[in-house]
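See structure below.
Each chain gets a letter, A, B and so on, in the order the sequences are listed, and its residues count up from 1.
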2 protein chains.
Amino acid sequence: MKEGPDIAQIGALIGDPARANMLAALTGGRALTATELAGVGGITVQTASTHLAKLEAGGLLIQRKQGRHRYFTLADEAVARLIESMMGFAAGRGHLRHQPGPKEPALRKARICYDHLAGDYGVRMLDSLIASGAIDAVGDGLVLTEKGESELKCIGIDVSDLRSSRRPLCRSCLDWSERRAHLAGSLGKALLSNFLDKGWARRTAESRSILFSPEGDRQFLRLFPVDA
Amino acid sequence: MKEGPDIAQIGALIGDPARANMLAALTGGRALTATELAGVGGITVQTASTHLAKLEAGGLLIQRKQGRHRYFTLADEAVARLIESMMGFAAGRGHLRHQPGPKEPALRKARICYDHLAGDYGVRMLDSLIASGAIDAVGDGLVLTEKGESELKCIGIDVSDLRSSRRPLCRSCLDWSERRAHLAGSLGKALLSNFLDKGWARRTAESRSILFSPEGDRQFLRLFPVDA
DNA sequence: TTCATAGTTCGATCGTAACCGAAGCATCGC
DNA sequence: GCGATGCTTCGGTTACGATCGAACTATGAA
């Protein structure tokens, strides 16, 4: 039969634990060096090098040389969405990691998903935006309302800038920890950048989790109440 | 490290060519026996049996015993969506099958995607529904309009029946051959069933392709014109 | 120049999983 | 009961790929 595109190739690429860990780490959006990726994969640099070459040949990664470092990133947003969707799927099937580990709670509270906010806070934000009428959930899509647009302007986000990009403004992204949708798209990215710029939150060095400051936490919860 | 769900497990399950072929075949929505699946995988029944056991243990497949046959199907629609999304991704990266084969054209024209219409005709149908105002494409979601609902009633589809199901009415699904969206969800299913019931088209025995009769072809093109 | 760091390539080992033949169950038709 | 069919389990072979040590290339620093 051999019908359609070859999913076995990319399945096999993702199917190795070391490679899967590297890809998951890169879903954090940050460019990482080969040595760092060897660390997250739990393997030596030699092995990591061959893995990275395969991932690059498969079109999942791109590398950028900078001095004697090589920075690897996911090839594009489509790869990030694929990985995230597989995580959502795996979480739904109970294919979870054996030991949750100490960083799990922080990761579940707030983490970065390629370039936008995910985890409990990400889901909460979208719920609140929908409840307040800033975003309409229509079918399985999301649309920004006029009301929402003016509210965003108040917190310093100019939506007309975002519209000029080819990327969709609002996109819903399934959250693997919450098993519900959070906000992706260029607006999702802009909101997270906004929080980081304001100093409400910051990214951690080696993890995908996002740490809110006490003040940032307060502001965030005020801005996105649960029962709005 | 070791953040989040284990995508390596399902990646590895899909990563074997024989298993990938079986899964792709099952995306046709039809239940297949172990022997049939061995055929599409290009392996003996013994080997297929072990593969199927692994896929079942991984939650991707379910089996139903019926007499001395065992019928395998995808576990649920989420699996079908995962496979289809991986196909779309793979097609975009150029991970195509080596030789297109003789059945390719028919497959590209019209095929079944779990339970709804895909391929050129699937994409054309959605485009036409949007152009005529029966469906609104809003954000990256799809909504049926009142006008669309009454038009559907004319061709014999009662939307209120569909609404009662928990499954979303309209969903967009990326088509790997056309690289554009077609209509999924319970409405997508209902439309395809409608065509099959009317005798406009029929499913083929061993492939995912859908064959339109000359009359059905005429009716379909009349109902969903390109420049409506 | 020399040394140190980052990364790749080579070579060899090792483990696992895919594979099939043969035997073993289960179900159907007779 | 019998044989035939559909499928699974067992045993043994084979092949591929993940892994690492060691050697090699490249960039940067002193």
Side-chain angles (χ1 to χ4, degrees), chain A residues 1-2 6-26 30-58 60-73 95 98 205-206, chain B residues 1-2 6-26 30-58 60-73 95 98 205-206:
Chain A
M1 305 306 139
K2 311 244 189 275
D6 197 352
I7 56 175
Q9 282 185 33
I10 53 174
L13 284 175
I14 303 175
D16 179 82
R19 285 196 292 259
N21 283 334
M22 297 188 196
L23 289 168
L26 287 170
R30 185 167 268 168
L32 297 173
T33 66
T35 316
E36 289 169 327
L37 287 167
V40 309
I43 47 179
T44 62
V45 273
Q46 310 94 291
T47 311
S49 180
T50 68
H51 282 312
L52 291 169
K54 285 178 187 177
L55 289 172
E56 196 183 5
L60 299 189
L61 255 49
I62 49 178
Q63 65 165 291
R64 191 163 33 90
K65 291 186 68 167
Q66 193 164 318
R68 52 183 162 181
H69 294 276
R70 305 218 173 171
Y71 286 97
F72 290 87
T73 52
H95 290 268
H98 321 79
E206 284 291 321
Chain B
M1 332 333 152
K2 309 249 187 271
D6 195 354
I7 58 174
Q9 283 186 33
I10 54 174
L13 283 175
I14 302 175
D16 179 82
R19 285 196 292 260
N21 283 334
M22 295 186 195
L23 289 168
L26 287 170
R30 186 167 269 167
L32 297 173
T33 65
T35 315
E36 289 170 327
L37 287 167
V40 308
I43 47 179
T44 61
V45 275
Q46 310 93 291
T47 311
S49 181
T50 68
H51 281 312
L52 291 168
K54 285 179 187 176
L55 288 171
E56 196 183 6
L60 300 188
L61 256 48
I62 49 176
Q63 65 166 289
R64 190 163 34 90
K65 291 186 65 168
Q66 193 164 319
R68 53 183 161 180
H69 294 274
R70 305 219 174 171
Y71 285 98
F72 290 87
T73 52
H95 289 268
H98 321 81
E206 285 291 320

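If you take CZ of Phe72(B) and P of dG6(D), they are 14 Å apart, rounded to a whole angstrom. Atoms CG (Leu55(B)) and P (dA17(C)) sit 14 Å apart, rounded to a whole Å. If you take CD of Gln63(B) and C1' of dG6(D), they are 12 Å apart, rounded to a whole angstrom. Between His69(B) atom NE2 and dT8(D) atom P the separation is 13 Å, expressed in whole Å. For the pair Asn21(B) CG and dA18(C) C1', the computed distance is 15 Å after rounding to whole Å.
In this structure, CG on Leu32(B) lies 12.5 Å from NE2 on His69(B), to the nearest 0.5 angstrom.
For Gln63(B), the side-chain hydrogen bond (donor to acceptor under 3.5 Å, both in side chains) test picks out Glu56(B), Arg70(B), with sequence neighbours left out.
Distance alone, capped at 3.5 Å, places no donor-acceptor pair between the Arg64(A) side chain and the Tyr71(A) backbone. At least one donor-acceptor pair closer than 3.5 Å links the side chain of Arg19(B) to the backbone N or O of Ala12(B).
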Let me see the working for Ile10(B) and Ile14(A) under side-chain contact (heavy atoms from CB on, under 4.5 Å), right down to the final yes or no.
CA-CA 9 Å; Ile10(B) 54 174; Ile14(A) 303 175; over 6 Å; no
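Checked against Leu37(A) for a side-chain contact (heavy atoms from CB on, under 4.5 Å), the options Ile43(A), Val45(A), Leu26(A), Leu55(A) give a single hit: Leu26(A).
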Nucleotides 16-29 of chain D: protein proximity per nucleotide (B base, S sugar-phosphate only, - neither; heavy atom, under 4.0 Å):
--SSBBB----BS-
